[in-house]
2 protein chains.
Amino acid sequence: MSPTHEPRWLTPEELRAWLRLQAVVELLPATLDAQLGRDSGLTHYEYLLLAMLSETPGRTLRMSQLASATNATLPRLSHVVKRLEARGLVTRHPCTDDRRATLARLTDAGWDTVVASAPGHVETVRRHVMDVLTPAQVEQLSTIAAAVGRSLDPEGRLYALTGD
Amino acid sequence: MSPTHEPRWLTPEELRAWLRLQAVVELLPATLDAQLGRDSGLTHYEYLLLAMLSETPGRTLRMSQLASATNATLPRLSHVVKRLEARGLVTRHPCTDDRRATLARLTDAGWDTVVASAPGHVETVRRHVMDVLTPAQVEQLSTIAAAVGRSLDPEGRLYALTGD
DNA sequence: GCGGGGTTGTTGTAGAATCAACTACCTGCC
DNA sequence: GGCAGGTAGTTGATTCTACAACAACCCCGC
């Protein structure tokens, strides 16, 4: 921090927007985790991981790619994949091209889990987000989240932002 | 994904908005935690807690009120306050009116911590959120976050949504 | 006043995220 | 060839969170 630099405070409108955003950021993961945990025994992050693999040709991705795709750090991903492997939802294979790399592949059981979990998860997203917004607001949200996401991830390696 | 019966799936626009929102929800807390932890030795949640107390007349709040104000559960709050008390930033007092209740009060050291941390925190919020949006988008965000927040917290006991 | 039922808050513990090493590997350069 | 420096991933220790049980207390009806 530069100590002599006077910070620009937030305007009342900005402060209100910030407090509301903060509430969403705090409550949304808790809500998703609760629904997925109750109905499918999955964490929100675990679901996201499996879903990303399920949408990839070959259902296989390098750890580093999977980390980017799920907005996570490599250490975190490593632990989660290890747990999912122990549960038989994912397998790990060494990569022949680059022997440092590890490939994570979705098993049939993992696929079945995603397929079984998706409807309930989508329904939750719909109820708490999409259904309370107008189509115009969904577009606004998309634009706003893209802008904020870019500033949070300057390297722009996020899968989720594909389509800019 | 091809389950036999999909409920109401997301449209392409909704899916894109959802993936982007998901990225923000994942990355924003990490960014705030990193900045506050590095510069002030605080968690984002700890900062929020101290900030809420600092804005209250008497710098004192009941645990249950503080939990609502920070969008947290009571058990979580209890643990965090215990840690902050051990660090001398907060004190706990029994409430004379209702002897079940506990009052949390910000100490002078806690106040100093908030004052010292606020500029860096605000600067981070500004850089990653406000400065990448137009004033109109800030208003849109405010409206959208309020709607989503209400659906996530049906009982509407959130401090953060005050001002609807 | 005295139980029953609903609050208010704390604690213990088990699960998950974070951070800092550390290993193994690749690439480029001498 | 062999070494320096960077990349990929894993592991272990610590910290934080969530969930469930629990204790203390208020309030209301009788």
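Values below: all heavy atoms of this structure, side chains included; hydrogens, waters and symmetry mates excluded. Keep in mind that this is a model prediction, so the values were computed, not measured. In what follows, chains are A, B, ... by sequence order, proteins preceding strands, each numbered from 1.
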| Hey, are the side chains of A:M52 and A:T56 touching, using non-hydrogen atoms and a 4.5 Å cut-off? |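 When only atoms from C-beta onward are counted, A:T56 and A:M52 do not touch, as no gap falls below 4.5 Å.
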| Would a 4.5 Å heavy-atom cut-off, applied to side chains only, mark A:L21 and A:W18 as touching? |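 Of all side-chain heavy-atom pairs linking A:W18 with A:L21, at least one is under 4.5 Å.
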Please classify the nucleic acid contact of [X] as base, sugar-phosphate, or nothing, using heavy-atom distances under 4.0 Å.
{"X": "A:R38", "result": "nothing"}
{"X": "A:S64", "result": "sugar-phosphate"}
{"X": "A:R62", "result": "sugar-phosphate"}
{"X": "A:D98", "result": "sugar-phosphate"}

Figure out the [atom1]/[atom2] separation between [X] and [N], and round it to whole Å.
{"X": "B:Y45", "N": "C:dT18", "atom1": "OH", "atom2": "P", "value": "18 Å"}
{"X": "B:L27", "N": "C:dA17", "atom1": "CG", "atom2": "P", "value": "15 Å"}
{"X": "B:H44", "N": "C:dA17", "atom1": "NE2", "atom2": "P", "value": "19 Å"}
{"X": "A:E85", "N": "D:dG9", "atom1": "CD", "atom2": "P", "value": "14 Å"}
{"X": "A:L74", "N": "C:dA20", "atom1": "CG", "atom2": "P", "value": "15 Å"}
{"X": "A:L32", "N": "C:dA16", "atom1": "CG", "atom2": "P", "value": "16 Å"}
{"X": "A:Y47", "N": "C:dA16", "atom1": "OH", "atom2": "P", "value": "18 Å"}
{"X": "A:L84", "N": "C:dA17", "atom1": "CG", "atom2": "P", "value": "10 Å"}

| field | Short side-chain to backbone donor-acceptor contact, A:T43 and A:E46, under 3.5 Å | value |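 A pair under 3.5 Å: no.
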| Counting only N and O atoms by type, is there a donor-acceptor contact under 3.5 Å from the side chain of A:S54 to the main-chain atoms of A:A51? |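 Checking the backbone N and O of A:A51 against the side chain of A:S54, a donor-acceptor pair under 3.5 Å is found.
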Contact under 4.0 Å: [X] side-chain N or O vs [N] OP1/OP2:
{"X": "B:T73", "N": "D:dC19", "value": "no"}
{"X": "A:K82", "N": "D:dT11", "value": "yes"}
{"X": "A:R100", "N": "D:dG6", "value": "no"}
{"X": "A:T43", "N": "C:dG15", "value": "no"}

| Under a 4.0 Å N-O cut-off, is there an ion pair linking A:E139 with B:R16? |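 Between B:R16 and A:E139 there is a salt bridge, with a charged N closer than 4.0 Å to a carboxylate O.
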| query | If you find the nucleotide of DNA chain D closest to A:P75 and the one closest to B:R99, which residue's nucleotide is nearer the 5' end? | reply |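 Mapping each residue to its closest nucleotide by heavy atoms, the 5'-most match is A:P75.
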| task | Tell me which of A:R76 and B:R83 sits closer to the 5' end of DNA chain D, going by the nucleotide each one is nearest to. | result |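 Looking at the nearest nucleotide for each, A:R76 comes out on the 5' side.
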| said: Let me spell it out: for each of B:T102 and A:H79, pick the nucleotide of DNA chain C with the closest heavy atom. Which residue's pick is nearer the 5' end? | reply: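 Mapping each residue to its closest nucleotide by heavy atoms, the 5'-most match is B:T102.
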